[in-house]
Amino acid sequence: MISQALQHVNARIAQACAQAQRPGNAVTLLAVSKTFSAEAVISAIEAGQRDFGENYVQEGIEKIAQVASCCARRAISANALPIWHFIGPLQSNKARQVAQYFNWVHSIDRLKIAYRLSAYRPVHWPALNVCLQVNISQEATKSGFSANDVIVAAQEISQLPGLRLRGLMCIPQPTQKEAEQRYTFAQLRRIFELIRGKGLALDTLSMGMSNDFEAAILEGATIVRVGSAIFGKREGF
Ligand SMILES: *Cc1c(COP(=O)(O)O)cnc(C)c1O
């Protein structure tokens, strides 16, 4: 089931890359496993999936530990071990755990969180890969930097020793209209290019979910975050 769904999503990604005249390896599939079990993650790993996204700190770190011991028991090779991305809302009192369990954080939405993550990243570990979340649809209820603030924030955050600033992330208001999806993703792309124009070596645009990842790829996404199209419908959502 999961392996077939993964194959199908990977085929759709390849098709969108072809349509966008981008190389097939230009886009990384991030499998969003929130609410799904460690067993589901293991099935996906056995089907060749590497990158996984979690939204909730407690659920995420429990799953990371379960998956790690399962991978050890099954002698999964080092180059197939999962890479964990934190993509959910982040409170500063959880920053320490996130900095010590995850490889990536996509949802930095204020300076204070960035400083905490940098401070808590163990010094001898590789820097934590981070993206800044942009409130691209300017929704009052959504977190994220405004399009205006994110440029200065990127310059400041790029200096933090525990972090490696990789790019930008957005969660637009859901819409079925492809033109609207593309318009929003193109806006994030424009801000990304502006920041690169200031000399920061960003390489990541984290945008697109089950509902709109093809539109995101057409507008330059390098990571698409796909949950339900891989693991099925989430309970209670
Ligand atoms: C849940 C979630 C996703 C995946 O959503 P699907 O619609 O299931 O693909 C992606 N990004 C974030 C930030 C999420 O919270």
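Counting convention: from 1, in listed order, for ligands and their atoms alike.
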**Item:** Results of side-chain hydrogen bond (donor to acceptor under 3.5 Å, both in side chains) for Tyr115 - residues two or more places apart only
**Value:** Glu156
**Residue that, paired with Glu54, satisfies side chain to side chain donor-acceptor pair (under 3.5 Å) out of His85, Lys63, Lys34** = Lys63
**Distance in Å, Leu218 CG paired with Asp212 CG, rounded so as to fall on 0.5 Å steps** = 11.5 Å
Filter the ligand 1-protein atom pairs down to N or O on both sides and distance under 3.5 Å, then list them.
| unit_1 | atom_1 | unit_2 | atom_2 | d |
| --- | --- | --- | --- | --- |
| ligand 1 | 8 (O) | Ser228 | N | 2.8 |
| ligand 1 | 8 (O) | Ser228 | OG | 2.9 |
| ligand 1 | 8 (O) | Arg234 | NH1 | 2.7 |
| ligand 1 | 8 (O) | Arg234 | NH2 | 3.1 |
| ligand 1 | 9 (O) | Ser210 | N | 3.0 |
| ligand 1 | 9 (O) | Ser210 | OG | 2.5 |
| ligand 1 | 9 (O) | Gly227 | N | 2.8 |
| ligand 1 | 11 (N) | Arg225 | NE | 2.9 |
| ligand 1 | 15 (O) | Lys34 | NZ | 2.7 |
| ligand 1 | 15 (O) | Asn55 | ND2 | 2.7 |

**Request:** State which residues pass side-chain hydrogen bond (donor to acceptor under 3.5 Å, both in side chains) with Arg182; sequence neighbours excluded, sorted by chain then number.
**Result:** Glu219
**Item:** Aromatic plane relationship, Phe231 with Phe36 - under 30° parallel, 30 to 60° tilted, over 60° perpendicular
**Value:** parallel
**Prompt:** Is there any side chain to side chain donor-acceptor pair (under 3.5 Å) pair reaching into residues 125-136, and which pairs are they, with sequence neighbours excluded?
**Reply:** Asn129-Arg166
